[in-house]
Amino acid sequence: MSKFIFVTGGVVSSLGKGITVASLGRLLKSRGLKVSVLKFDPYLNVDPGTMSPFQHGEVFVTEDGGQTDLDLGHYERFIDTNLTKDSNVTSGKIYWSILSRERRGGYNGGTVQVIPHVTNEIKTRIQSLAENSGADVILVEIGGTVGDIEGLPFLEAIRQFRMDVGRESSLFIHVTLIPYVAAARELKTKPTQHSVKELRSIGIQPDVIVCRSEAPLTEDLRAKVALFCNVEEKAVIPNPDVESIYEVPLCFAEARLDEIVLEKLNLPAGPADLDSWRKLVNDIRNLREKVVVGVVGKYVSLPDAYLSAAEALRHAGIHQGTDVEVRWIEAEDLEKGRLEILEDLDGIVVPGGFGRRGVEGKITAAQYAREHGIPFFGISLGMQSAVIELARNVAQLEGAGSVEFGECEHPVISFIPGSPQVTGLDGSMRIGTYPCQIQPGTKSRICYNEELVQERHRNRYVINQQYLDRLVGAGMRVAGVSPEGLVEIIELVDHPWFVGTLFHPEFKSRPTRPHPLFVGFIQAIMGKKKG
């Protein structure tokens, strides 16, 4: 029988519920328990696949091709486990399922209502994940904040769920804000009190309160929160700001959060083995070198749009004892000729994306890296931009471009062979994990040290095979191919480190196991700096 932990949030969004869930998951796994995670998002989109990254950040891709919330990236990186599309459920998915069943007559002509039909569907998703994963503990994060109207069905569902499984099998954790009022020079508990009051008004009494704050909580404040929110003082867990998010599990361990959870759930477990995690945090605190990597994108005003790529760079840096400063560069600034912003970079990354906006700036970044010998890493659209640049400026294919952006004289980037030739949101997508054969004698083969790898994709366009010979003649090397013959990895022959991937390697990077290509990229930067 699985145990269930429900995590809600109050006062404001972006408090770090995802990091809280991921950190607790890490602690429980360190005790030998099998952990799985479920994120409920109250918005009506079926999934975030068609949403602008400006709305909710990047779209994270699971092994089985799920397009999910970015918090699943946190879960995978901290807990070091591969999740599935079933780990992210939106209101859109819930209502789609219910209405489809209603149209088929599945409710025998009855009136379909939020209670019990919507709440039952939510509870079914929780139980289904527990059965399919076989996990000892299921962590469930409820997106949004208490009081949001769209989140009420989920809160009602988990209230009912506790009645179904009992108190020894379920636990409520509430993440809330203790703001610092500068004028008064003190932390204030009143917002937390009101948030818990709101939660209790719908029938949920939190068992644990995680308090986010700028400064550490005093014992007096913890006692006050415990008194007014009706929880044990030891169950008021401080979560102050830290330099690295990877310190949070150790902060929770110090506050004995995992011990409290195991006690309340009556769940036997072994002692926590956090040696590898303590080494990770110690390595982060003692980085010897520093490099600056420019990430050229069109959503850089919201860095969460490229969260996994930025974390993968940091993971590789930690592995090399190097602090990687990520410098966000707006692609459209490069289109205006502002090349000076590239001058002091040690490396350039051009991540993925869709749409015409900013593409010429990404192409400019690839050209600058190629001509100046700067280590370059292009991902998905970043790889396609590098191919277009090479075709235009080295292979003399004037007017080279991609079918994604309309008609062009030389479509060196074209549709996936055999797929419907449709651009935009209606186009077919190659998504999820696919195999890639790594070619011998390439930098990629040195990085992977494997012949066959599995990588996650989210792309609609590939290198046009008709132009392959021309591109190879211009200095491009095919370093990885799919079983169908699609070019998965490209390199430049006469360059210190110039690699482009059709897939998204950042989704598989872990803080304790950085992705091989990102490690190779940082190694190339370090090697170039040392001459």
Side-chain angles (χ1 to χ4, degrees), residues 49-50 59 61-67 85 350-356 359 362-363 366 378-392 394-440 442 444-445 448 451-492 499-505 507-508 517:
T50 59
V59 177
V61 177
T62 58
E63 292 278 293
D64 61 348
Q67 299 184 84
K85 62 180 67 175
V350 180
F354 294 95
R356 178 189 291 272
V359 167
K362 295 186 175 189
I363 292 171
I379 300 170
S380 193
L381 181 58
M383 178 258 234
Q384 297 168 25
S385 300
V387 170
I388 293 170
E389 188 279 320
L390 188 72
R392 289 178 183 177
V394 182
Q396 278 81 52
L397 293 171
E398 187 176 346
S402 169
V403 295
E404 181 181 3
F405 314 127
E407 292 186 8
C408 58
E409 187 175 350
H410 295 290
V412 293
I413 304 299
S414 189
F415 297 101
I416 298 171
S419 67
Q421 299 193 2
V422 178
T423 59
L425 298 180
D426 293 331
S428 60
M429 181 133 15
R430 191 162 173 257
I431 188 165
T433 300
Y434 290 85
C436 174
Q437 186 79 35
I438 310 298
Q439 303 303 298
T442 62
S444 300
R445 181 64 169 267
Y448 279 109
E451 295 182 14
L452 186 69
V453 298
Q454 303 284 335
E455 293 286 0
R456 301 184 193 182
H457 293 66
R458 185 176 181 252
N459 61 280
R460 290 195 175 100
Y461 308 97
V462 296
I463 293 178
N464 190 335
Q465 296 284 337
Q466 297 177 12
Y467 290 94
L468 195 54
D469 290 342
R470 190 77 174 263
L471 292 167
V472 170
M476 188 186 85
R477 175 166 51 204
V478 176
V481 293
S482 73
E484 301 84 14
L486 301 178
V487 178
E488 293 275 348
I489 309 176
I490 62 129
E491 299 177 359
L492 290 190
V499 175
T501 63
L502 189 64
F503 50 81
H504 289 266
F507 293 144
K508 298 191 76 169
L517 290 181

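Predicted model only: the values in this text are computed from it and were never measured.
Heavy atoms only, all atoms of each residue included: Gly399 and Cys408 are closest at O-CB, 3.6 Å. Listed here is the closest heavy atom pair of Asn464 and Ser414: ND2-CB, 3.9 Å. Across all their heavy atoms, Arg430 and Leu502 have their closest contact at NH1-CD2, 3.9 Å. Contact between Val403 and Pro411 at its shortest, heavy atoms only, is CG1-CB, 3.8 Å. Here the closest non-hydrogen pair linking Ser385 and Ile363 is O-CG1, 3.7 Å.
Side chains of Ile431 and Gln67 form a contact here, defined as non-hydrogen atoms less than 4.5 Å apart. The shortest distance between side-chain heavy atoms of Ile413 and Ile463 falls below 4.5 Å. Side-chain contact between Glu63 and Lys508: present, with at least one pair of heavy atoms (C-beta onward) separated by less than 4.5 Å. Residues Leu492 and Leu390 form a side-chain contact, since some pair of their non-hydrogen atoms from C-beta on lies under 4.5 Å apart.
The distance from the NE2 atom of His504 to the CZ atom of Arg456 is 11.5 Å, given to the nearest 0.5 Å. Expressed to the nearest 0.5 Å, how far CZ of Phe503 lies from CD of Gln454 amounts to 11.0 Å. Here the CD1 atom belonging to Ile416 is positioned 7.0 Å from the CG atom belonging to Leu486, to the nearest 0.5 angstrom. Atom CD1 of Ile388 and atom CG of Leu471 lie 10.5 Å apart (nearest 0.5 Å). We find the CG-CE distance between Asp469 and Met476 to be 9.5 Å, quoted to the nearest 0.5 Å. A distance of 9.0 Å separates CD1 in Ile489 from CD in Gln439, rounded to the nearest 0.5 Å.
Between His457 and Tyr434, the ring planes lie perpendicular to each other; the angle is over 60°, past the 30° to 60° tilted range.
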ask   = Going through the distances and angles, do Ser380 and Arg458 end up as a side-chain contact (heavy atoms from CB on, under 4.5 Å)?
value = CA-CA 8 Å; Ser380 193; Arg458 185 176 181 252; over 6 Å; no

task = Verify side-chain contact (heavy atoms from CB on, under 4.5 Å) between Ile438 and Glu451, making sure each step is shown before the conclusion.
result = CA-CA 5 Å; Ile438 310 298; Glu451 295 182 14; 5.9 Å; no

task = Go through the steps for Ile490 and Met383 under the test side-chain contact (heavy atoms from CB on, under 4.5 Å), then give the verdict.
result = CA-CA 8 Å; Ile490 62 129; Met383 178 258 234; 3.8 Å; yes

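Screening Val387, Val462, Thr501, Leu468 against Val487 for a side chain to side chain contact (heavy atoms under 4.5 Å, CB included) leaves a single residue, Leu468.
Between Glu389 and Lys362 there is no salt bridge, since no side-chain nitrogen of the basic residue lies less than 4.0 Å from a carboxylate oxygen of the acidic one.
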